[in-house]
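Structure record follows, encoded as structure tokens.
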Amino acid sequence: MTNPVAAVGRVTLAFMATTGRLAVFTGQTLRHCLQPPFYGRLILRQMVTIGYFSLPVVGLTALFTGMVLALQIYVGSSRFNAASAVATIVVIGITRELGPVLGGLMVAGRVSAAMAAELGTMRVTEQIDALTTLSTNPFKYLIAPRVIAATLTMPCLVLVADIIGVMGGYVIGTQKLGFNYGSYLKNTFDYLEIIDVVSGLVKAAAFGFILSLMGCYHGYHSRGGAQGVGQATTNAVVSASILILVANYLITELFFAR
Amino acid sequence: MTDPAPVPKLAFRGVKKHFGRKVVLDGIDLSVDPGQSLVVIGGSGTGKSVMLKCVLGILRPDAGAICVDGQNVVGLRGRARDEMLGKFGMLFQGSALFDSLSVWQNVAFGLIQGRKMPRSEAQDIAMENLGRVGLGPDVGNLYPAELSGGMQKRVALARAIAAKPEIIFFDEPTTGLDPIMADVINELIVECVKDLGATALSITHDMASARKIADRIAMIYKGRIIWSGSRAEIDDSGNPYVDQFIHGRAEGPIKMDVLKP
Ligand SMILES: Nc1ncnc2c1ncn2[C@@H]1O[C@H](COP(=O)(O)OP(=O)(O)OP(=O)(O)O)[C@@H](O)[C@H]1O
Ligand SMILES: [Mg+2]
């Protein structure tokens with residue numbers, strides 16, 4: 001019964017099947033994202049739900065991250081008399097890493113879950129079947145608008161997060177740590193390079209694609225009523241978060257490894 | 001009568017479908033002539049809904065052919081499939097209304113998305129169809145979650161007929177309705193089929209409904225069609241399964257999988 005070789009084989013096969021299914025799903029999604037017609041109205045509506053309504057969450061995350069970063073770096077760097085580096089390290093840390101990654105993770109929790117729940121409910125109540133019988137492709141009508149909207153909106157969100165995060169560091173730096181207003185700002189911008197911000201925004205777009213793809217994939221393939229939808233939601237958030245962290249490493253390597 | 005063998009509008013030939021080890025359809029043979037209204041009766045869980053979903057390509061049969069206008073539609077993809085689906089209207093058993101859209105947008109969905117009709121024109125047609133199923137224009141702006149189950153069913157019916165399809169599937173159109181509304185829906189189905197010249201395939205447990213809307217009746221049992229005949233023949237089919245079903249007896253050849261204490 002519990003032949004370990006059989007168990008390993010089963011797991012391997014299941015893994016391969018899932019990978020294959022995900023690859024096909026991604027291919028289909030990309031095709032429908034790039035091929036007209038586009039549903040502008042639906043894309044716009046998704047951009048509002050993804051972007052506008054995520055602003056508070058992402059903004060607060062960035063604010064406190066910037067603040068804590070300034071404190072920690074100050075404590076750490078004053079041990080070797082480098083406290084003046086606080087502004088520079090905060091801005092680079094926020095734009096390159098913490099803005100996109102924390103923003104991506106927060107939006108994954110909010111948006112992937114919502115997408116998986118919505119599409120999952122549509123799946124189990126046969127709304128997706130009804131869509132097909134009304135000659136409408138669910139990839140075109142449901143999935144492409146979500147993925148396009150998330151991929152376009154995430155960079156905007158992260159740009160806002162960058163600004164708020166740096167402001168958080170600025171407030172702590174000038175109010176609590178006693179830096180001079182002008183020199184903190186000067187240190188912030190003097191050593192900042194375009195690539196720092198751009199790489200962060202590229203990451204943001206990639207994370208937007210990943211988190212919407214995961215939300216749609218798990219929702220679209222959910223089965224078995226309310227419990228199945230709950231499972232799909234969990235899987236969407238977990239897989240989106242992990243893939244975001246993996247992609248973050250790969251993109252960083254692509255940009256900065258020499 | 002002059003044409004000895006008209007091409008059936010819809011024909012199943014040896015259609016099989018199983019889920020895991022469970023055989024649901026075990027060689028369905030059935031055909032519906034153009035303009036005819038066929039009612040399929042059968043117990044719960046015998047695969048009636050699965051049969052319809054195989055036609056629409058929502059499920060893929062394991063074997064056999066399904067012909068629409070003489071053309072096999074199993075495994076169609078892309079544009080050919082869209083074209084095929086354009087001939088169909090379907091009333092889902094659970095209504096399957098889009099809950100992010102208002103009632104009129106649900107009814108107009110096939111016209112706007114499928115046929116690319118302008119929204120205002122589609123809205124007029126949607127309102128007209130809502131009127132036919134006894135729902136006023138004020139209902140049009142509500143959302144499906146704000147309707148009762150019976151009202152949802154009627155909206156689903158309006159959506160199924162809005163695009164004037166050639167073939168309409170009704171999956172249990174009258175379950176969950178009061179007897180009077182059930183009869184209204186029955187008449188509506190008869191009328192639609194007559195007006196549109198559509199071919200109808202309906203599924204029901206409700207014998208009153210079956211007698212009203214059927215030209216022919218077929219009975220499905222254990223994944224096969226075990227009897228079919230005209231509406232008049234059903235009372236003296238001589239088939240013990242059919243007799244048991246139409247009289248709703250617990251005793252007979254059909255055994256329900258329930259454990260007696
Ligand atoms: N997607 C699916 N996956 C696995 N099994 C399924 C699936 N769809 C249907 N079945 C099984 O197929 C059988 C027939 O289902 P179907 O929905 O066709 O029943 P039905 O004849 O329409 O019954 P009812 O009158 O209660 O609606 C059921 O036993 C069900 O468990
Ligand atoms: Mg059914």
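Order of the sequence lines sets the chain letters (A, B, ...), proteins ahead of strands, with each chain counted from 1. Treat the numbers as computed from the prediction; the structure is a model and nothing was measured.
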Do [X] and [Y] make a side-chain contact, defined as non-hydrogen atoms from C-beta onward lying under 4.5 Å apart?
X: A/L134; Y: B/R159; value: yes
X: A/E126; Y: B/M90; value: no
X: A/L131; Y: B/F98; value: yes
X: B/F88; Y: A/T133; value: no

* Can you see which heavy atom on A/A130 is nearest to which on B/A96, and at what distance? => CB-O, 3.8 Å
* Asked: Taking all atoms of both residues into account, what is the closest heavy-atom pair of B/G86 and A/S135, and its distance?
  -> N-OG, 3.9 Å
* Asked: How would you list, by chain and number, every residue that makes a side-chain hydrogen bond (donor to acceptor under 3.5 Å, both in side chains) with B/K87, sequence neighbours excluded?
  -> B/D69
* Side chain from CB out, backbone as N, CA, C, O: work out which of these in A/I128 comes under 4.5 Å of a heavy atom of chain B, or both, or neither. => neither
* **Under 4.5 Å from a heavy atom of chain B, the part of A/T132 involved** => both
* Structure fact -> Of A/D129, A/N137, A/T121, A/T125, the largest count of non-hydrogen pairs under 4.5 angstrom with chain B goes to A/D129
* Asked: Does OH in A/Y249 sit with more than 12 non-hydrogen atoms of other residues, nucleotides or ligands closer than 6.0 Å?
  -> no
* Asked: Where on B/L97 is there a heavy atom nearer than 4.5 Å to chain A: the side chain, the backbone, both, or neither?
  -> backbone
* **Per-residue contact mode, B/L101 against chain A (heavy atom under 4.5 angstrom)** => side chain
* Where along residues 214-248 of chain A does a heavy atom come under 4.5 Å of chain B, listed by residue number? -> none
Side-chain donor-acceptor contacts of residues 109-117 of chain A below 3.5 Å, not counting sequence neighbours, with atom names and distances?
{"residue": "A/R110", "atom": "NE", "partner": "A/S54", "partner atom": "OG", "Å": "2.9"}
{"residue": "A/R110", "atom": "NH2", "partner": "A/T49", "partner atom": "O", "Å": "2.7"}
{"residue": "A/R110", "atom": "NH2", "partner": "A/S54", "partner atom": "OG", "Å": "3.4"}
{"residue": "A/S112", "atom": "OG", "partner": "A/A108", "partner atom": "O", "Å": "3.3"}
{"residue": "A/S112", "atom": "OG", "partner": "A/L211", "partner atom": "O", "Å": "2.8"}

* With a 4.5 Å heavy-atom cut-off (strictly below), which parts of residues 75-85 of chain B touch chain A? List them by number. => B/R81, B/D82, B/L85
